[in-house]
Amino acid sequence: MTQFIELLINGLSLGFTYALLALGFVIIFKSTRVINFAHGSVVLLGAYLIATTADDIGFGLAVLVGVLSSALLAALLYLVVLRRVKGRAADTVTIATIGVDILLATELARRIGQQVLDIGDPWRDDIIRFGTFGVPEARVAAAIIALVLLGAFMAAFKLSRWGVAMRAAAEDGEAAALMGIRLSRVAAGAWFVAGALAAVGAIFLTTFPTPGVDRTAGLVAISAFPAAILGGLDSVVGAVVGALIIGVVVTMASGYQDEFTFLGRGLGQVAPYVVMVLVLLIRPAGLFGTKELTRV
Amino acid sequence: MSERLRSLRGPGRIGWLVLAVLALIAPLFLESFWLQTGLFAMAAAIGAIGLTILTGTAGQLSLAHAFFVAVGAYGYCFFAASGDGLGVATVSGLGLPPLLALVLAVALAGLCGALFSPVSGRLRGIYLGIASIGLVFIGQHILFNATGVTGGFNGRDAEPFSVFGFSFGANEPELSIAGVPFEELERLWYLGLLLLGVAYYYGRRLMESRPGRALETVRDSEVAAAVMGVDVTRYKAAAFTISSMYAGLAGVLLALVFNRIVPESFGLALSVEFLAMIVIGGLGSIRGAVLGGIFVSMLPKLMDKYSDALPFLAQPGAGGGVEPAQAARFAFGAAIVAVLLFAPGGIGSLGRRKLRSTGADDAAPQDTTSPAPRVPARSSAFPPKETA
């Protein structure tokens, strides 16, 4: 039982980290109808910048640098490259993000090489004890910071002018444009926010218990795909719920893998995809996604 | 059609003939590096044709191609291997004749594609793209863990191909033409050409046929397709199945050229490479898929071979500078973006666009394979169902 509750807590905190990435996918999808395959590279850029600058300017400033750079990069990606592919099928733009991802990931992997960089976070490998359960401090911090950010985003999305503009643009782009909403500015803002969230997620994907920033850190972002799809690509709530489910599933599958040896080793990596495919079989638009209606 | 227009249409009949003859006599003068690279390119081209039918013609984004390539490769090894445990670990096999094993492997890949049809038939575009990533990861998990069939991390050997006692692997019967000994690569070269030829011919015929046009309609508007009496779900599932069979065939050829297959070759990176091939070649164009397949698969090998001659490249493993494999990745990442920004029809369409600007819209029969000329039709009768 102790193990179960420990795993559950760890899973939920991992889920909150995934939620930051999944939310990025959803914001970008809602505003531009594109799946951003370059998200992993944005995550890696954030982690790389924070890890390389933390020693000189301190962790706090390094986070600021990393988050702003990732956010700017994402916004620039949209403004410089993807906006120009606009007007054709959304799939084509999605493929363009794959091209961008190859470029960025190759360059970052080249710089990182074989090193495993320490992100320089203040939590180190400390463990907080709640009675009999032990949870890494970094994971607790991840959950708290993610909750604050998610809450702030939800509030901004519901209440601020930017949130209203974004929802209007997602609902009916043409009508929103006629009401004086600048679609490209709203979209660039969405990419900016997604990039910032990705960099924050990057911190907690590379703190204890993971070894640190290596060239494959961006691949973890791919695990957020099932989270976003599971919840429904156009649902903000869905992203969070999907991410929590995936986080718990990953942690449980790795924690209990000794009891599932007949399913093979490395179950934690493949479990999210199994869950995703199963959910899609029953609900093709995800748990909270809008079903696509066809009017004739 | 005037001679001037005909000359704009690419190599023309004589050009193709020269190309075919060159391909046929290539083993006489090419060294083994080029033969092997060429064979990889052929396998890539076959797989790319399959993906362009699915993604370009039927409009279904798939990143699962690597999975089906793996099914073909491992399927062939399983069906053909005699299972006497020559490798490091004992892996099981059925010991069937290689030709039968090839057919069965392709069928198995198709079956896997068909089994995925409850998902592939219902999901659209991007949702399918991501759901299909799941297949790659699940496939990798199986390849690493089902050690009895796949050999696990270390992979397994591929049985050499043979037809009616003529072996493509060993030198029996011994053969040499014009003083050139015909060994494994030379023999496989002709098998590759034959398979590529069949794949190309079948792909072209499919695109120009009734089902091919039905798939294009499904891509442009599912509502319009349904109204015209096309069973959308069935056609989408069928496209997925056919595309998987192409991938399976590519996998068999890869296994034969590699001699030994390991799970790592069939990861998400391979799927992305296939996507790069069809985008660079132009979505929906069979000829473009072949060109893209050759380009993407040969680029890293060429960069590697000529790394000391290219000033901007570092030696592999030397550290500092750009390594050849990385340079190749830069090149095809940039190629994807550049093609999508500046030549959306792919490199195959660059010559053709000139033709259309002269006003001869329906001049070239090849145009049926290109998505570009279809665009006007999209915006006229049936507006595509945009969710945005």
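Predicted, not measured: the structure shown is a model, and the values here were computed from it.
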- [ ] Starting at OG1 of A/T97, measure out to CD1 of B/I336 and round the result to the nearest 0.5 Å.
- [x] 9.5 Å
Task: Atom group of B/I138 that falls short of 4.5 Å from chain A, counting heavy atoms - done: both
Open item on the list: Less than 4.5 Å apart, side chain to side chain, heavy atoms only: is that true for B/H141 and A/L267?
Closed with: yes
Task: Sole candidate of B/L340, B/L341, B/V337 that passes side chain to side chain contact (heavy atoms under 4.5 Å, CB included) when paired with A/R84 - done: B/L341
Open item on the list: Taking CD in A/Q269 as the centre, count heavy atoms belonging to other residues, nucleotides or ligands within less than 6.0 Å. Is the count above 12?
Closed with: no
- [ ] First locate atom CG of B/L61, then atom CD1 of A/I35, and finally report the distance between them rounded to the nearest 0.5 Å.
- [x] 9.5 Å
Task: Toward chain A, the part of B/F144 with a non-hydrogen atom under 4.5 Å - done: neither
- [ ] Answer with side chain, backbone, both or neither: which region of B/A276 has an atom nearer than 4.5 Å to a non-hydrogen atom of chain A?
- [x] neither
TODO: Please identify each residue that fulfils side-chain contact (heavy atoms from CB on, under 4.5 Å) with A/V279, with sequence neighbours left out.
DONE: A/L230, A/V275, A/L287
- [ ] Please flag which part of B/V279 lies under 4.5 Å from any non-hydrogen atom of chain A: side chain, backbone, both or neither.
- [x] side chain
- [ ] Flag the one option from A/L280, A/V274, A/L233, A/V277 with the top tally of heavy-atom pairs under 4.5 Å to chain B.
- [x] A/L233
Task: Top contributor to chain B interface from A/L104, A/D101, A/L281, A/L103 [non-hydrogen pairs under 4.5 Å] - done: A/L103
Task: Greater than 12 external heavy atoms within 6.0 Å of B/E264's CD - done: no
Open item on the list: At a 4.5 Å cut-off on heavy atoms, which part of A/E174 comes close to chain B: side chain, backbone, both, or neither?
Closed with: neither
Open item on the list: Under 4.5 Å from any heavy atom of chain A, what part of B/I278 do you find: side chain, backbone, both or neither?
Closed with: neither
Open item on the list: Does any part of the side chain of A/I222, heavy atoms only, come nearer than 4.5 Å to the side chain of B/L268, both counted from C-beta?
Closed with: yes
TODO: Verify, without hydrogens or angle tests, whether B/Y127 (side chain) and A/G286 (backbone) share a donor-acceptor contact under 3.5 angstrom.
DONE: no
Task: Which atom of B/I130 lies closest to which atom of A/M276, heavy atoms considered - done: O-CE, 3.5 Å
TODO: Determine the option with the most heavy-atom pairs under 4.5 angstrom with chain B, choosing from A/I98, A/I102, A/V100.
DONE: A/I102
Task: Shortest non-hydrogen separation from B/L275 to A/I95 and the atoms involved - done: CD2-CG1, 4.1 Å
Task: Residues that B/T55 engages under side chain to side chain donor-acceptor pair (under 3.5 Å), provided they are two or more places apart - done: none
